[in-house]
J.: 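Questions regarding the structure given below will be posed in turn.
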Amino acid sequence: MTGRARSVEVRERAWRDPLVVAAGLRHLDGPLALLSDGGVLGRWSFVAAEPDLVHVGTTGAGGSLDLLRSPDFAAGVIGLLAYDAGARVATGPRDPVWPDLMLARYPAMLAFDHQERRVRVFGRGDDPDDATAAADRAESWLVSVVDPTCPPPPADDFVAEASPEAYLAAVADVVDRIAAGHLYQANIARAWSGGLKPGADPFDVMLRLAERAAAYGAFWRLGDRAVVSNSPELFLTFDPHSRRIETRPIKGTRPRDADPARDAALAVELSASAKDRAENLMIVDLMRNDLSRVAQSGSVSVAALFEVESHPTVHHLVSTVTGLARAGIGPAELLEATFPPGSITGAPKHQAMKVIAGHEPPRGPWCGSLFHIEDDGRLTASVLIRTASFERMEGGWRFRTLAGAGIVADSDPDAELAETTAKIRALREALTGPELCWSEI
């Protein structure tokens, strides 16, 4: 099938848990599971497989996303923009570790409404008959489910690509650059890599994260590449009817504690931290500036500032920036104007990306964005933090994952190192242990 999917058939069906449905599709071509936690930000989950149109390669000249303006990729589309595709304007050419842009169009898709506890079956095609056939295929997935068992740790090794001392030195260097007036903030990351055991695959990691589901959890495999994300961070939403844009940058972190009193104290400490508030505010201002490139004059505002969100392993400080898109602005224009996300670059963004490139190899998918364009042009894009990328090689699946911290003038290198350890905890445990299981799905 080529050309835009002009016909859409939608059916309402009884609730099924999206994880068990996704488990039944894991061995099909191009399996996709956007698995939310069902909270305020995660009302919908989506499951699909067998895309009929795929692009894996580069963006257009200068990072152009013209493919998203094509009727071929206008609806029912999942995409991944690698961080380095957006950073290249500042860093210049670097050896790529991942394709700049991955796109897949799904004629058959299931949407799970966690609030209403209903499932919508979508079939898309060039004509009504094609749409009906695609809807039939999607509906069949609801009855061919697999109750997943909790897999054992799929990896033996989780190896840091650089020493803790190298990270401490990088943080100290960035603090010195800030003192010299070169920039205000940069997000500096550590990386870990390893291999999965024979017979294990990336979906096992998704299963082991089920107890720690986030608003923007995801599993996606195209060919010999896959990503698993447990991201709590929204990059962008866009409602084409109201024209409303929203971004929710995260800056400021504390680890969770098993002792309830200590855990609550850590959340209060984060909320009151002048350092973390300043770090967050810098990125809020950066995102206001990015949105102003595509928003109606005077429409960009801060809807919420310095809210504490608590997740299974960390507390985060989160703010919300909104605006109204100008006429003619759609998903491609929004992503071109704002990517990469300011929360994982720094301020000023261009200089921060140059500094990051001086301390890190290319990031690949990590801190890029996974996005979904629905039939009406609605866009939801996450920030790919808490994310591992996988490549299938001759010896099996290899993985790579990163965690970073925002470095500002008064950053303490040891504290920033500890923050990266807290942020990577959930993925490290999903890959290498301890045993994780869920009591009920």
Side-chain angles (χ1 to χ4, degrees), residues 63 80-100 158-178 180 182-194 225 227 229 231 233 235 249-251 253 279 282-283 286 339-370 383-391 398-408 411-425 427-428:
L80 190 157
L81 260 175
Y83 167 85
D84 308 293
R88 198 169 293 121
V89 64
T91 66
R94 304 181 81 194
D95 291 336
V97 297
W98 195 268
D100 285 353
F158 192 83
V159 180
E161 295 183 359
S163 68
E165 291 74 21
Y167 186 77
L168 294 173
V171 172
D173 175 70
V174 174
V175 171
D176 289 344
R177 289 174 182 270
I178 293 170
H182 297 164
L183 73 165
Y184 301 110
Q185 180 180 165
N187 191 85
I188 303 299
R190 303 170 66 197
W192 296 262
S193 57
R225 294 184 178 90
V227 291
S229 181
S231 175
E233 185 169 2
F235 177 30
I250 290 175
K251 271 292 161 219
T253 302
E279 185 181 337
M282 287 182 204
I283 303 306
L286 188 157
F339 188 79
S343 64
I344 47 71
T345 52
K349 182 188 279 190
H350 191 277
Q351 180 63 16
M353 291 188 294
K354 291 178 66 175
V355 170
I356 290 166
H359 288 288
E360 299 179 28
R363 288 176 166 180
W366 186 78
C367 281
S369 181
L370 186 67
V383 181
L384 285 174
I385 57 173
R386 318 295 139 78
T387 296
S389 59
F390 299 80
E391 290 191 75
R398 298 287 302 173
F399 71 84
R400 186 170 192 257
T401 185
L402 299 90
I407 312 306
V408 292
S411 283
D412 172 67
D414 287 316
E416 304 297 358
L417 180 71
E419 182 173 317
T420 64
T421 300
K423 288 177 174 176
I424 205 63
R425 176 186 161 194
L427 265 173
R428 176 176 54 79

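Since the model is a prediction, treat every value here as computed from it, not as a measurement.
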J.: Taking all non-hydrogen atoms of both residues, which atom of Ala347 and which atom of Ala352 are closest, and how far apart?
T.: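 Closest heavy-atom pair between Ala347 and Ala352: N-CB, 4.0 Å.
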J.: For a quick test of reading the model, state the closest non-hydrogen atom pair linking Tyr184 to Pro348 and the distance between them.
T.: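 Here Tyr184 and Pro348 meet closest at CD1-CD, 3.9 Å.
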J.: Please give me the minimum heavy-atom distance between Cys367 and Ile344, naming the atom from each residue.
T.: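 In terms of heavy atoms, the two residues are closest at SG-CG2, 3.2 Å.
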J.: Looking at side-chain heavy atoms only, is the closest gap between Pro99 and Arg225 below 4.5 Å?
T.: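 Yes, at least one pair of side-chain atoms sits under 4.5 Å.
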J.: Do Trp98 and Val227 pass the side-chain contact (heavy atoms from CB on, under 4.5 Å) test, and can you show the C-alpha distance, the side-chain angles, and the key distance before you say yes or no?
T.: CA-CA 11 Å; Trp98 195 268; Val227 291; 4.0 Å; yes
J.: Between atom NE2 of His359 and atom CZ of Arg177, what is the distance when rounded to the nearest 0.5 Å?
T.: 5.5 Å
J.: For side-chain contact (heavy atoms from CB on, under 4.5 Å), just list the numbers for Met282 and Val408, CA-CA rounded to whole Å, side-chain angles, deciding distance to a tenth of an Å, and then say yes or no.
T.: CA-CA 10 Å; Met282 287 182 204; Val408 292; 4.2 Å; yes
J.: In Å and rounded to the nearest 0.5 Å, what is the OG1 to CG distance from Thr387 to Leu427?
T.: 7.0 Å
J.: Do His182 and Val355 pass the side-chain contact (heavy atoms from CB on, under 4.5 Å) test, and can you show the C-alpha distance, the side-chain angles, and the key distance before you say yes or no?
T.: CA-CA 9 Å; His182 297 164; Val355 170; 5.9 Å; no
J.: Report, as yes or no, whether the 6.0 Å neighbourhood of atom CG on Asp176 holds more than 12 heavy atoms from other residues, nucleotides or ligands.
T.: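 Correct, the count exceeds 12.
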J.: Is a side-chain N or O of Tyr83 found less than 3.5 angstrom from the main chain of Thr345, in a donor-acceptor match?
T.: no
J.: Got a second to check how far Arg398's CZ is from Ser389's OG, nearest 0.5 Å?
T.: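 OG of Ser389 is found 11.0 Å from CZ of Arg398.
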J.: Please name all residues satisfying side-chain contact (heavy atoms from CB on, under 4.5 Å) with Ile178, sequence neighbours left out, ordered by chain then number.
T.: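 Result, side-chain contact (heavy atoms from CB on, under 4.5 Å) vs Ile178: Val174, Leu183, Ala409.
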J.: Check Met353 against Val89 and note the closest heavy-atom contact, atom names and distance.
T.: CE-CG1, 4.3 Å
J.: Using side-chain contact (heavy atoms from CB on, under 4.5 Å), reason through Asn187 and Lys251 one step at a time and then give a plain yes or no.
T.: CA-CA 10 Å; Asn187 191 85; Lys251 271 292 161 219; 3.0 Å; yes
J.: How far does CD1 of Ile188 sit from CG of Leu402, to the nearest 0.5 angstrom?
T.: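 That separation rounds to 11.5 Å.
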J.: Using the rule side chain to side chain contact (heavy atoms under 4.5 Å, CB included), only one of Leu370, Leu384, Val383, Leu81 pairs with Phe235; which is it?
T.: Val383
J.: Once rounded to the nearest 0.5 Å, what's the spacing between atom CZ of Arg363 and atom CZ of Arg400?
T.: 10.0 Å
J.: Check the orientation of Phe158 and Trp192. Use parallel for under 30°, tilted for 30 to 60°, and perpendicular for over 60°.
T.: parallel
J.: Determine whether more than 12 heavy atoms belonging to other residues, nucleotides or ligands lie under 6.0 Å from atom OH of Tyr167.
T.: yes
J.: Would the distance check show the side chain of Gln185 and the main-chain N or O of Gly406 forming a donor-acceptor pair, the cut-off being under 3.5 Å?
T.: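 Between the backbone of Gly406 and the side chain of Gln185 there is no qualifying donor-acceptor contact (under 3.5 Å).
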J.: Are the side chains of Leu417 and Leu168 in contact, using a 4.5 Å heavy-atom criterion?
T.: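 Yes, close enough: below the 4.5 Å cut-off.
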J.: Return yes if some donor-acceptor pair links the side-chain N/O of Thr420 with the main-chain N/O of Ala418 below 3.5 Å, else return no.
T.: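 Here the side-chain-to-backbone pair does not exist.
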J.: Is any side-chain heavy atom of Ile385 closer than 4.5 Å to a side-chain heavy atom of Lys423?
T.: no
J.: Taking Arg94 for the side chain and Ala357 for the main chain, is one N or O donor matched with an acceptor at less than 3.5 Å?
T.: yes
J.: Salt bridge or not between Arg88 and Asp84? Use side-chain N to carboxylate O under 4.0 Å.
T.: no
J.: Which distance, rounded to the nearest 0.5 Å, do you find between the CD of Glu416 and the OG1 of Thr253?
T.: 9.0 Å
J.: By side-chain hydrogen bond (donor to acceptor under 3.5 Å, both in side chains), which residues pair with Thr401, not counting sequence neighbours?
T.: none
J.: Tell me the closest heavy-atom pair linking Pro164 and Arg190, and the distance in Å.
T.: CG-NH2, 4.2 Å
J.: Shortest non-hydrogen contact from Ala90 to Lys354?
T.: O-CG, 3.3 Å
